[in-house]
Structure formats: C-alpha cells, structure tokens
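The block underneath contains the structure these notes are about, expressed in structure tokens.
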Protein chains: 2
Amino acid sequence: MKKETLAEIITIGDELLYGQVIDTNSAWMGEELAKIGIKVKQITSISDSPTAIREALAAAMSRADVVLVTGGLGPTKDDLTKHTLAEFFQTELQLHQPSLEDVEAIFKRYNRPMLEVNRQQAFLPANCTPVRNVLGTAPGMLFEEQGTVIVSMPGVPFEMKRMMTDTVLPHLQQHFQLPQIIHKVVQTVGLGESFLAERIADWENNLPANLKLAYLPHLAGVRLRLTGLPNGTDNLEEQMQAQIDQLAPLIADHVFAFGEVTLEAAVGALLKARNLTISTAESCTGGLVAHKLTSVPGSSAYFTGSVVAYSNEVKKAQLGVPQETLARHGAVSEETVRLMAEGVRRLLNTDIGVATSGIAGPDGGTPEKPVGTIWLAYADAHQTVARKISYNKTRLLNIEYTTLQVLNLIRQSLPAAVEE
Amino acid sequence: MKKETLAEIITIGDELLYGQVIDTNSAWMGEELAKIGIKVKQITSISDSPTAIREALAAAMSRADVVLVTGGLGPTKDDLTKHTLAEFFQTELQLHQPSLEDVEAIFKRYNRPMLEVNRQQAFLPANCTPVRNVLGTAPGMLFEEQGTVIVSMPGVPFEMKRMMTDTVLPHLQQHFQLPQIIHKVVQTVGLGESFLAERIADWENNLPANLKLAYLPHLAGVRLRLTGLPNGTDNLEEQMQAQIDQLAPLIADHVFAFGEVTLEAAVGALLKARNLTISTAESCTGGLVAHKLTSVPGSSAYFTGSVVAYSNEVKKAQLGVPQETLARHGAVSEETVRLMAEGVRRLLNTDIGVATSGIAGPDGGTPEKPVGTIWLAYADAHQTVARKISYNKTRLLNIEYTTLQVLNLIRQSLPAAVEE
C-alpha cells in the first residue's frame with residue numbers, strides 16, 4: 001500500500017509559550033492538511049531562538065515529509081527565522097526583486113515611508129522558492145531539502161492562510177501522491193462518552209480497517225468523527241455513508257446533526273421547518289438560552305423574545321407565577337418552572353415557551369436543593385414537559401450545561417414536522 | 001544567579017493534529033507557570049500513540065525540569081497515556097482506593113450505573129502520586145523521575161485547570177526554588193493597543209530594567225500585565241505599586257480594574273457599592289448582557305431581570321415603544337433604544353435600565369444602516385444616555401463586542417458613589 005505522507009508543524013514565538021497568544025494556526029493547518037490526505041504527526045511550539053529553531057527543524061525533517069513553519073518573520077523579530085534557515089541550509093540571503101516590489105507596493109498603498117528593515121524583508125535564502133504574501137510584508141519561503149518540503153510563513157493568521165490556500169496546499173497536492181481522505185461528523189447530545197461508546201461498541205468493533213472513529217466530547221455530548229482512508233475496492237464515500245446509516249439508528253435519540261452544525265443551529269432549523277416561534281423564561285441561565293438561539297443567523301424568523309426572571313418579583317409580575325406557588329414549592333421547583341414556561345409563551349404570544357430555574361452556585365444551595373439542582377420546562381399548545389437535572393461544576397459551567405440541556409429538551413419535545 | 005526552572009508541555013490527541021480541537025490548555029498552563037516563575041521551553045502536540053508519547057516524554061525530560069502532559073486519559077481512549085507511562089517507568093498499575101471512591105461518588109451524584117471502564121480509571125502506575133480530579137473520572141498522576149517532575153492530566157480544560165490550581169502549581173512552588181516574580185494586572189477597556197501604547201510610551205520607556213510590560217489585547221480593550229523580577233535592592237512589591245500609581249492617571253478613564261477581574265464583575269461591584277439594581281432590554285445582544293451580568297456570583301443582589309425584545313411586537317407590548325417611533329425612526333435608532341432602556345427600567349422597577357438595538361448581521365443591513373450599526377442606551381432616575389457604535393466582524397463578535405460596550409457604558413454612566 002502507498003506510504004502515508006506525514007507533516008509536522010513548527011510555530012515560533014515566545015508569546016505562544018507564555019500563553020499570551022493561543023496557537024490557532026496549527027489547528028487550521030492540521031485540518032487543511034487532513035483534507036488533502038496529509039497527516040500531521042506533531043506540532044511543536046518553540047521560542048524565538050536560533051538554537052530552538054535549528055533543533056526543532058532537524059528533528060521534524062527526520063520524521064516528516066512536510067514541515068510547515070510559522071512565525072519569527074517580520075521586521076520587529078529581525079527576520080530571525082529567515083537568517084536561521086539560511087544558516088541551516090548553508091546558503092546566504094539574496095535580494096528577491098518581485099518580493100521587494102510587493103513590499104514597496106504595500107507601503108505605497110498606505111502611503112507610508114518604507115524603512116530599511118522592510119527592504120531587508122525582500123532578501124531571501126538563495127535555495128528557496130519565494131512564496132508570495134499579498135497581505136503582508138514578509139514573503140514565505142519554500143525549500144526542498146533531503147527529500148522534505150519545508151515552508152516558512154508569517155505567524156499572522158490571515159497572511160498564513162492566504163499563502164497556504166493560494167500556493168502551499170496546491171504545491172503539496174502536486175508534489176506528493178496523496179490518498180483520498182474523507183471525514184464524516186455525527187453530532188450527539190445527552191449521552192456521556194463512555195455510555196455512547198458502550199451503546200455503539202458492536203458497530204465500532206466491526207468497522208472496516210480503513211475507517212477510524214474518534215470521540216470528541218464537549219460539555220453536553222460527543223462529536224463523533226469517522227475518518228475514511230481508501231479501501232482499494234468500493235467507493236469510499238458510499239462505504240462511509242453505509243456505515244453512518246448503520247450507526248444513526250443506534251443513537252437516534254441523541255443525534256442532532258450530521259456535519260459541522262451547532263446544537264442551537266440544529267434546533268433553529270427544526271423550528272424553522274415547523275414554522276414555530278419560541279420564547280424563553282430564564283432564571284438560572286440568565287439569558288444564555290436566548291443568546292444561544294439568537295447567535296444563529298436568521299433566528300429572528302422563529303425567536304421572538306425572552307424574559308430573564310432573576311428575581312421572584314419578575315416571575316410573579318411578568319410571568320404570572322402565583323406568590324403561593326413560590327412560597328409553597330420555591331422558585332427552584334417543577335411547579336414554578338412549568339408556570340414560567342407557560343407564562344412566557346402566553347406573554348410573548350409564541351408557539352413554544354421554555355424555562356429554567358435552578359441553583360447555579362456557588363452559593364444558594366440547601367440540603368434539599370444543593371447547588372446544581374436545576375429544573376427545565378418546555379410548553380407548547382399540546383403539552384408542558386418538565387425535567388430535573390443535577391450538575392455542579394463551576395457556576396459558569398452549570399449555566400452553560402443547563403443551556404445545552406434546554407436546547408436538547410426543545411429538540412426532543414417539538415411536535416413532529418408536517419410531511420411535505 | 002539561580003538556575004532557571006524550565007517546563008515543557010505535551011498535549012496528546014489526534015483531534016489536536018487534525019485541527020478538530022484547538023489546544024487552549026497549553027496557553028493557559030504556560031501563563032500559570034510564568035506567574036510562578038517557571039518558563040515554558042517547548043509545547044509539543046502528538047497523536048494518541050504509545051511510541052509518540054514515549055519519544056516526546058523522553059525528549060522533554062532530557063530538556064526540562066517539569067513536564068506537564070494532558071490528554072490520552074478517559075475510558076474510550078483506553079487510558080492510553082496511563083498504560084504508556086506505567087510501561088515507560090517500568091512499573092504496573094494498581095488500584096488507588098480514594099480515586100475509586102471519587103469515581104463512584106460522581107456516578108452516584110448523577111445516579112448513573114458505573115461501568116467497568118470507569119472502575120479501570122482508578123488503577124494507576126505504582127510509582128505515581130495520584131492527583132485528585134474532583135470534576136471528572138480520570139485522576140491525574142504526578143511522577144518524580146530522573147530529577148524531573150512529570151504530571152499527567154486529562155485534556156478536559158476545566159478538569160485540568162482545577163487540578164493545576166488545587167494541586168500541581170502549589171506542589172511545583174514547594175518543590176523548586178523559584179525566583180520571586182510578581183505580576184500586576186491593569187484592566188483597560190475602550191482603547192486599542194496602539195493608542196494605549198502611544199498614551200503610556202514615556203512611562204513604559206522609563207520602566208526599571210527588572211519590570212516588563214505585556215500588552216494582552218482582547219475584544220474591547222487591553223489587559224496590561226507588569227511583570228517584576230527581583231531587583232536586588234528595594235522591595236519589589238512597593239517598587240511595582242509605585243509604577244502602577246504613575247500609570248493609572250495616564251489612562252484613568254479606561255481602567256476598570258486592577259488585578260484579574262472581568263468587566264462584568266467590576267460593573268457588578270460598582271452597582272453593589274451603590275446599592276443600585278439593574279435590568280436590561282436587549283435586541284441585537286439577545287440576552288448576552290444579562291448572561292454576562294448574571295455570570296458573576298452574587299449578582300442577584302443587583303440584577304433583577306431582562307426583556308429580550310427581538311421582535312418589534314415585544315418592544316411595543318413589553319417595553320412600551322410606540323409603533324410610531326418604530327415606524328418613523330426604525331428599531332435601530334437612538335429614539336427606540338432610549339425608550340427601551342427607560343421602558344425596562346419602569347417595567348422591572350429597577351434603578352437602572354440599559355438597552356441595545358443594532359444589526360448584528362450577516363443580513364439585515366441597509367445603505368443607511370449597514371451591518372454593525374448598533375445603538376446602546378443607559379437610563380437611571382437622573383439621565384438617559386445613548387451611544388452609537390459601528391463594529392462589523394462576524395455576527396458573534398459583533399454581539400460580544402456590543403455587550404462589552406454596554407457594560408462599559410454602565411461603568412461610565414453610574415452616579416458617583418456616596419462617600420462612607
């Protein structure tokens with residue numbers, strides 16, 4: 001079988017090591033490389049130091065067919081990476097006229113005086129193929145040494161991405177014989193990683209050798225990613241779809257989408273398809289359910305509004321929860337949360353109303369109702385459903401988890417769509 | 001001079017290499033280590049493979065005094081890291097009773113049946129000191145081998161952070177002779193990095209050699225971090241405070257806090273100190289202002305509730321904005337947003353009401369009111385203040401930026417506190 005093409009990524013910059021900047025470049029590059037069938041073996045972040053750069057580069061070249069380097073370019077860093085690469089490849093810098101013209105053009109555009117440091121940016125190692133940077137002053141450099149392709153790019157994300165898309169990825173696809181790789185994502189909610197794994201164990205164990213499953217857990221569920229490599233015989237796309245079709249029924253009640261879709265977007269699509277409007281009455285979630293729903297473009301088609309009822313006064317005056325209910329059962333109770341959902345539905349005149357009331361903490365817990373005791377409710381013309389959950393991490397996590405649970409409750413409680 | 005204490009971070013997981021997950025753990029760990037005087041030399045991300053783990057671990061141990069490892073734990077990964085570590089240190093796994101009880105307690109709390117895979121998580125390498133994980137089922141492991149401290153933790157950020165804060169960082173401070181390092185943070189809002197830098201240039205240029213300033217920009221401002229190393233002579237704490245006292249007046253109008261305080265917490269403290277209550281009327285922010293305010297523990301002391309008025313119907317029926325105002329000026333206008341702020345203040349009977357109305361995009365823009373046109377208002381017993389902002393990145397960034405601007409508007413518009 002054909003040999004895998006392996007890549008390594010090296011990101012240069014003290015700001016990455018001190019945590020002042022989160023390295024988002026590597027994830028983007030890793031995903032783009034995966035799409036064209038190149039597997040990233042290692043990502044290494046190092047400081048702005050020639051020794052660190054030389055060591056990391058030598059190690060990466062000994063393991064990988066492709067080494068992508070970002071950062072350490074640009075005038076303020078004195079083009080550290082460039083000088084180190086020239087030395088590493090035992091060559092020297094020479095002026096690259098087209099790059100100089102690009103830099104000059106940029107300064108002309110902003111009519112700023114061009115400094116000598118910027119002119120220096122057009123000097124590149126003699127053995128490299130320059131990679132044009134139309135968005136910045138630091139050109140990229142492509143090397144082919146000892147059977148490895150090395151590309152050095154600026155750390156500025158939008159400059160790097162443009163160079164990858166325009167030049168680097170196409171070059172790699174030409175240069176290597178790459179296998180077809182397909183990723184398929186199944187989004188689940190409401191089942192922990194180990195329970196999900198148990199539920200689909202037989203299916204997973206019977207996966208053909210060319211298909212690999214990854215569990216990517218998040219706060220309220222798991223993103224399942226099926227990665228397919230060429231199987232020699234059948235059509236990979238069809239083979240994978242057939243497997244997904246077998247998987248889906250095993251976890252039907254927990255699958256909210258196929259592909260890269262958020263839970264709030266999936267719920268929004270369900271509401272839109274049913275032509276239903278929704279409103280929320282939020283106590284412990286304090287508006288986060290409304291924020292999630294309205295973070296989806298076009299949500300005004302189904303989202304009308306909310307009442308964040310933090311104080312009991314608002315629960316009574318706006319949502320019509322009787323003082324007597326609050327006194328007898330408390331604000332965090334099935335009775336109250338049901339009335340809140342029905343109340344906001346009536347008040348804002350929507351098809352559906354949902355509500356939350358719970359103790360997000362860190363204070364406010366009691367022996368009978370400890371922190372993390374949370375009630376949810378869903379109300380429409382036909383039914384009111386309430387659910388109790390217990391979840392106690394940090395205040396913010398309790399709020400975020402509750403919000404995802406409400407979105408899931410909507411998903412599960414909606415009336416079936418009218419068949420076209 | 002004392003030898004530097006160096007650390008390396010190893011993050012394990014194919015999802016990091018495929019770019020399905022962005023590694024935010026490393027940046028957080030790098031920042032926390034820097035705070036206690038430990039310098040991160042390298043961050044390495046590798047796949048879920050015993051060989052990769054062994055190689056990365058051996059390399060890191062040869063270079064660093066501390067090696068922090070995250071990921072590769074958890075039931076579905078078959079505790080790969082744990083088994084590899086046991087093999088690497090030539091020992092075997094043994095049951096750790098307290099860890100088993102922790103795992104059992106977690107399943108009890110959610111009353112879910114505990115699976116054998118979870119029971120397996122309490123088996124740890126014989127040579128490790130278990131690190132308690134109160135938020136999850138995978139305990140951490142602390143090793144001291146060949147003069148290096150190695151700590152293995154789960155990749156789940158909130159579990160890792162809690163273990164670092166409670167156990168790992170204190171242990172490292174005890175175990176190593178770390179230089180006294182003091183960080184002082186000045187939180188600013190409303191001024192971009194370059195403008196801020198210009199404003200404080202003279203002060204920054206005159207900083208003593210042992211003090212370093214870092215600009216940490218965020219969505220609506222910059223976090224200034226002053227890092228102090230021992231200066232041999234004076235008291236470092238006093239020396240730094242004197243510098244901060246010189247800095248503060250230069251940017252007084254933009255400083256909202258000293259130290260690690262969020263803008264919403266700072267605003268909450270101001271409201272509490274003045275014994276004032278607040279409510280929000282949100283259109284384009286869709287509840288995010290309310291969520292930010294209620295994300296602060298104890299916010300029920302000043303936050304009463306909100307009306308998320310997404311549709312014009314809600315703006316009219318709940319907030320009392322006249323149809324005529326909406327018809328003549330539109331929902332995104334100074335007139336409407338002022339009436340919304342005054343309306344919610346009256347409706348929920350609070351001292352202060354704030355409101356937002358804007359076009360978050362991607363759709364809904366017009367030539368006169370393009371996407372990113374946003375109106376904010378603040379109303380109390382004495383005044384109503386409105387402000388227009390223009391900001392157009394992505395829908396979510398527009399919403400988040402607007403929310404920070406509203407919080408800043410509250411901070412700037414509050415009546416002066418009554419002197420005690």
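Keep in mind that the numbers below use all heavy atoms, side chains included, and drop hydrogens, waters and symmetry copies. Residue numbering restarts at 1 for every chain, and letters A, B, ... go by the order of the sequence lines.
The aromatic rings of B:Phe107 and A:Phe195 sit tilted relative to each other, their planes meeting at an angle between 30° and 60°.
Contact of the A:Lys393 side chain with the B:Glu159 side chain is not registered, since no non-hydrogen atoms from C-beta on lie closer than 4.5 Å. In this structure, the side chains of B:Gln20 and A:Arg223 come closer than 4.5 Å at one or more pairs of heavy atoms. A 4.5 Å side-chain heavy-atom check between B:His291 and A:Leu396 finds at least one atom pair inside the cut-off. Put simply, the side chain of A:Ser299 reaches to within 4.5 Å of the side chain of B:Arg395, judged on heavy atoms. Between B:Arg112 and A:Ser194 the shortest side-chain heavy-atom distance does not fall below 4.5 Å.
Using a 4.5 Å cut-off between heavy atoms, B:Leu115 contacts chain A through its side chain alone, with no backbone atom that close. The part of A:Leu348 that comes within reach of chain B is its side chain, from C-beta onward, which places non-hydrogen atoms under 4.5 angstrom from that chain. Contact annotation for B:Ser283: neither backbone nor side-chain heavy atoms come within less than 4.5 Å of a heavy atom of chain A. Interface remark: A:Thr280 contributes no atoms to any contact with chain B (heavy atom separation under 4.5 Å). Of the two parts of B:Ser26, neither the backbone nor the side chain holds a non-hydrogen atom closer than 4.5 Å to a non-hydrogen atom of chain A. With a 4.5 Å cut-off on non-hydrogen atoms, B:Phe303 touches chain A through its backbone and its side chain both. A:Val289 does not touch chain B: none of its heavy atoms, backbone or side chain, sits under 4.5 Å away. With a 4.5 angstrom heavy-atom cutoff, A:Glu260 touches chain B only via side-chain atoms. Of the two parts of B:Gln318, only the side chain, counted from C-beta on, holds a non-hydrogen atom closer than 4.5 Å to a non-hydrogen atom of chain A. Within the 4.5 angstrom heavy-atom criterion, atoms from both the backbone and the side chain of B:Val307 approach chain A. Using a 4.5 Å cut-off between heavy atoms, A:Glu313 does not touch chain B at all. Looking at A:Leu196, neither its backbone nor its side chain comes within 4.5 Å of chain B, counting heavy atoms on both sides. When heavy atoms are compared at a cutoff of 4.5 Å, B:Lys39 approaches chain A solely by way of its side chain, counted from C-beta outward. Proximity to chain B (any heavy atom under 4.5 Å) is shown, for A:His218, by neither the backbone nor the side chain. B:Arg162 does not touch chain A: none of its heavy atoms, backbone or side chain, sits under 4.5 Å away. With a 4.5 Å cut-off on non-hydrogen atoms, B:Val134 does not touch chain A at all. Only the backbone of A:Asn392 has a heavy atom closer than 4.5 Å to any heavy atom of chain B. Proximity to chain A (any heavy atom under 4.5 Å) is restricted, for B:Ile399, to the side chain, taken from C-beta onward. Residue A:Ala317: no heavy atom, backbone or side chain, is found under 4.5 Å from chain B. Within the 4.5 angstrom heavy-atom criterion, atoms from both the backbone and the side chain of B:Ile46 approach chain A.
Taken to the nearest 0.5 Å, the CZ atom of B:Arg63 stands 7.5 Å off from the CD atom of A:Glu55. One distance of note links OH of A:Tyr18 with NZ of B:Lys35; it measures 15.5 Å at 0.5 Å rounding.
Ranked by non-hydrogen atom pairs under 4.5 Å with chain B, the options A:Pro370, A:Ser300, A:Ala34, A:Ala360 are led by A:Ser300. When the candidates B:Tyr215, B:Phe158, B:Trp28 are compared by the number of heavy-atom contacts under 4.5 Å with chain A, B:Phe158 comes out ahead. For the options A:Ser279, A:Gly287, A:Gly305, A:Gly286, heavy-atom pairs under 4.5 Å to chain B are most numerous at A:Gly286. Counting heavy-atom pairs closer than 4.5 Å to chain A, the top residue among B:Ala27, B:Gly30, B:Ser306, B:Ala214 is B:Ser306. Chosen from A:Ser311, A:Pro297, A:Ser49, A:Ala290, the residue pairing most often with chain B at heavy-atom distances under 4.5 Å is A:Pro297. Ranked by heavy-atom pairs shorter than 4.5 Å toward chain B, the options A:Ile9, A:Leu288, A:Val185 are led by A:Leu288. Put simply, of B:Thr24, B:Leu347, B:Val156, B:Leu16, the one with the most heavy-atom pairs under 4.5 Å next to chain A is B:Leu347.
Within 6.0 Å of the CG atom in A:Asn349, the count of heavy atoms belonging to other residues, nucleotides or ligands does not exceed 12. For B:Lys315, the NZ atom is densely surrounded, since the number of other residues' heavy atoms within 6.0 Å is greater than 12.
Checking each of B:Thr304, B:Leu293, B:Thr294 against A:Tyr310 for a side chain to side chain contact (heavy atoms under 4.5 Å, CB included) leaves exactly one that passes, namely B:Thr294. Checked against A:Ser45 for a side chain to side chain contact (heavy atoms under 4.5 Å, CB included), the options B:Asp23, B:Thr44, B:Ile43 give a single hit: B:Ile43.
The two residues A:Leu17 and B:Lys41 make their nearest non-hydrogen contact at CD1-O, 3.6 Å.
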